[in-house]
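This report concerns only the one structure given below.
Quick caveat, the model's predicted, so the values are computed rather than measured. Order of the sequence lines sets the chain letters (A, B, ...), proteins ahead of strands, with each chain counted from 1.
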Amino acid sequence: MASDWKSFEPVLIPDIPNLDKIDNYIKNGGYKALEKVVKENGWTPEKVVNEVKEANIRGRGGAGFNAGLKWSFMPKPDGGPRYLACNGDESEPGTFKDRKIFEYNPHLFIEGALIAAYAMQITTIYVYIRGEYYSWIKMMEKALQDARDKGFIGKNLFGTDFSVEFEVTGGAGAYICGEETSMLESLEGKRGYPRVKPPFPAQKGLWGRPTTINNIETLANVPGVINNGANWFKNIGAENHPGPVLYGISGHVNRPGVYELPSGVPVMDLINEVAQGVRGGKKLKALIPGGSSTPVLRADQLDGVSMDADSLREAGSMMGTAGMMVMDEDTDMVDVLWRISHFYHHESCGQCTPCREGTGWLEKILLKIKNGEGEIRDLDLLLDLTTQMEGRTICALADAAAWPVRHTINRFRDEFEARCKKSVHAVA
Amino acid sequence: MPEIFIDGKRYEFEEGEDRGLLQFILDNGKEVPFFCYHPSMSAPANCRQCYVKVGTPVKNRETGEYELDENGEREIRWFPKMQTSCTTQMQDGMVVHTQETSEEVARAQKDTMELILINHPLDCPICDQAGECPLQIQTYKYGPEGSRFEVKKQHKPKRIQLGPRVTLDAERCINCTRCVRFTDEISESHQLTIVARGDKNYPMAAPGREFDDPYSMNTVDICPVGALTSTDFRFKARVWEMNQTPSIDITNGKGTNIDLWTRDNLVMRITPRFNGEVNDHWMPDAGRDAYQRFNENRLSRPAIKLDGDNQSKTSWNNAIETFAETLESHGPEDVLVVGSPHASVEENYALMKVFNLWGVNNFKFAPHIEEGTGDGFLITDDQAPNTSGVKLLGYEESNDLASEVKNTKIVIMLSDELIDRGVLSKDDLKGKFSILLSTNECDTAKTADLVIPVTCIAEHAASYVNVEGRIQRSFPAKETKYTNRSLDLEMNQGRLDRFGTNFDNWVTEENKVDCAPAWEIMNQLANRMGLDVSFGRGREIMEEIAGSNPAFENVSYERMDNEMGINLNPSNKQEATA
Ligand SMILES: Cc1cc2nc3c(=O)[nH]c(=O)nc-3n(C[C@H](O)[C@H](O)[C@H](O)COP(=O)(O)O)c2cc1C
Ligand code: SF4
Ligand code: SF4
Ligand code: SF4
Ligand code: FES
């Protein structure tokens, strides 16, 4: 399974030119899955939910939750509005995959979202795209207009009584608005403060109504599941984390980029074959496998590790968004960690104490160490602070800020100690 | 009844109870430290200070019975993470550990405190909040001993004039969002929001806008630190130098419960006092300005017109003598007594009783209503605190006092600035002998032929009936020239070890006004005129009223104190006009 990735035919971003043109997309079988579920009597909403649950599409936004299972948490329709919020905020450093879908295959995502809407009896879909993706927002608006013109969005799709609206909203430059409940606040026109859970969005989401949030790539996998069945999907890639994955490979490799391959590809294959090896023939030093919040792995920890949730957990990290950041032997891990901490400090919404204060403190100590002014005890203070932050906040940003600190220090402790001043404190 | 175990002790709660675990703990006299929670607003759970450890008993799925462990105790499934008690809903059988019985919880609370304090300026010595600062108190009780923070603090703007009455020191802000939630959920002006992100954020009004919400100063009260301060009160007094005396807002008819904060016989500030039936935790800004009336521009010593329009000060004896002689040179039918919705029940009663006994039967008052100024919340159209009270005593409402005055020779007025508020003109009083018993300098006082200074609400214990028919009372908060603090049992004595020394809070003689309660003046007048009247203090006068006027049946100071006010006419409840 792990080695057959070379023969894999991409399905999210297939090698077909001009798929963003709706006629071309339709010519290549597009919107068939939508038509099928909406029109055919056999495809009740429950059946769509069950099929997607069975396929086990694990959320591609970072947390890896089974999409169909999430859909099944929606309460029964009560006649009022229900929402699907599609998360295209894509702000985690190292992550740049959803934009490929917006750019090359927007209708696949739109179709997936519409199927999801049918499955959950949703009345309005929002797609939230980070503000910096200005051109992609424009592309999305165009694609939605095309779909509306063809009758895939709006009243009475395919002559049935299923109606659904679809809108684009641009973010305003805050990473935190990618956190799902913060995104809901932002969609409501408010400051992007994550909400306290419970209540969960399925109970009280946008404007207090039932809402489901999914990542763009997650939804783009849905039409394939409907067209080819859950089993087809489950047979792609790793058993517990199946399906195609958009790997975003960046850093010190010869050919960085977004690659669509099955899940579970060996990490070293991705680095050495897909991305054609470490730049300048240098030695590999470390890998952050799934966006900046996932714990860094040393090169010697990567033996036999593949890109799926189980294998990465065993190795001591996480799948995250599959945004792989590759670092060569010249990389200064103190610098890397400081830069990551700078990001989380800058992006903390500031709502809860441990994150608001902790992210800044982490960064300031790391800056001190980076400048050669740190002391060994600062390292222990940093580790202490991670426990003061982790699991004690409203959203997972504090965890995302704490994990890299803990794991980078633990996994590269020598390097950090070497940067510290020799302690002036007498040893008791 | 569902049960809950907190630190090993069993408590019961009502089925469907939704006040949340933190409030339940506080209501049961225990403590968990907190900052962002406020009982009258939504819980954002952002300070992360109120952590507790929570578990629920495991039930057998088939039998529905609790599973027991080897010791026969209920098996508890602990929540994997500690929970913020402010957002935890109680469940039957729940087991809770606070900082008292859990190391882990105590540690987490200390951790949060350490983090809250790293960027805090810690300038308590010059901070208005010091002495009544939850952050300061919680730090002493639950905080770490020192700080491990050795890097640079985040600096933020200071002395920002958010609006006409509120000044912000952003560095002291702990971002609890109470102020923002107040404008969203209570005053509904939506004027504040948090700006910037992370450790740079603080509350602000929209660009180009002012925080001029008519309730803006409540944010100063609920701000758990010294970030929001009253522009007026800033740096004027330390909390521990002042005495706090319960009272009633007299600037409108709502009867908002307040505290008067006095130092050296001056009222320094006014803050709201909780009364769930009237004003909850809040008061309008306008009511807070009233403190100036209690200190400044007071009528002190009686005054009399001797030659033409010039008033000069006179002795109390002479004032009473003039009062009596004026009455005696006319008959009761020549007298109009104008009661006041601005004065208390006891004052109005004393006047009416004495003049009634002497034979007067012309008792009027002019309501002070300004249509359209009420807001349906704590500001009423009624500009006076006791309109219902004067009515219930039997004063007749008059909407044309000027013509009433025309038909009389002597006009006796109680604490009402009738000329200033346009009910009477100076000319209306020409050719009449006018006597005013009042508290502050005003045009009405300048016009009167005899002016007798009386105590204001800050100087006496007396009652007021609000627009909804609720009778509530004041306590004396500052001394007059004649108050003896150790004899007046209603009065707060301050620190006994300082009583009578130079460090006492009541030393400056000039701050004591030369005035007396209206009922004492009535005692002297009655005595001089041979009438059989002798009023005691407000408390005794109220007993007398309760015994003689059915509207006040069973009313007493004890009941008012125990029940935070009494509704006189529940059937005929009149809502504050919107
Ligand atoms: C701080 C933070 C930032 C996040 N940013 C994103 C993001 O940019 N895009 C995204 O899809 N999910 C993001 N997430 C995850 C979302 O909260 C949510 O789990 C996800 O959108 C659910 O979709 P999925 O189940 O399809 O993955 C973020 C989470 C956190 C805590
Ligand atoms: S953890 Fe950080 S980002 Fe998340 S709500 Fe709290 S302060 Fe905001
Ligand atoms: S807010 Fe409280 S802790 Fe902070 S400086 Fe003022 S008194 Fe001290
Ligand atoms: S100014 Fe005060 S009330 Fe407002 S958020 Fe800051 S600490 Fe809280
Ligand atoms: S009181 Fe602030 S989190 Fe509970």
- Item | Closest-packed option against chain A by number of heavy-atom pairs under 4.5 Å, given B:P80, B:A43, B:A196, B:C176 | B:A196

- Leading residue by heavy atom contact count with chain A [cutoff under 4.5 Å; candidates B:T177, B:I194, B:I116]: B:I194

Counting only non-hydrogen atoms closer than 4.5 Å, does [X] touch chain B with its backbone (N, CA, C, O), its side chain (CB onward), both, or neither?
X      : answer
A:K368 : side chain
A:Y193 : side chain
A:R392 : both

Identify which part of [X] has an atom lying under 4.5 Å from any heavy atom of chain A, answering side chain, backbone, both or neither.
X      : result
B:K200 : side chain
B:F35  : neither
B:A108 : both
B:K110 : neither
B:N175 : both
B:Q83  : neither

- Query: With no hydrogens and no angle check, is any side-chain donor or acceptor of A:T353 less than 3.5 Å from a backbone partner on B:C47?
  - Reply: yes

Do the non-hydrogen side-chain atoms of [X] and [Y] ever get within less than 4.5 Å of each other?
X      : Y      : value
B:R148 : A:W361 : yes
A:H345 : B:D199 : yes
B:K153 : A:K364 : no

- Note on the structure: From the list A:Q388, A:R195, A:E347, A:H346, the residue making the most non-hydrogen contacts under 4.5 Å with chain B is A:Q388

- Item | chain B contacts, top residue of A:C349, A:G360, A:G192 (heavy-atom pairs, under 4.5 Å) | A:C349

Looking at [X], I want to see if its [atom1] is surrounded by more than 12 non-hydrogen atoms of other residues, nucleotides or ligands under 6.0 Å.
X      : atom1 : answer
B:R19  : CZ    : yes
A:K204 : NZ    : no
A:Y134 : OH    : no
A:R413 : CZ    : yes
B:K158 : NZ    : yes

- Message: Strictly below 4.0 Å, N to O, side chains only: are A:R377 and B:E150 in salt-bridge contact?
- Response: yes

To the nearest 0.5 Å, tell me how far [X] [atom1] sits from [Y] [atom2].
X      : Y      : atom1 : atom2 : answer
B:R197 : A:I176 : CZ    : CD1   : 9.0 Å
A:R356 : B:N46  : CZ    : CG    : 7.0 Å
A:E390 : B:K81  : CD    : NZ    : 8.5 Å
A:K197 : B:T87  : NZ    : OG1   : 12.5 Å
B:R48  : A:Q351 : CZ    : CD    : 8.5 Å
B:L115 : A:E357 : CG    : CD    : 7.0 Å

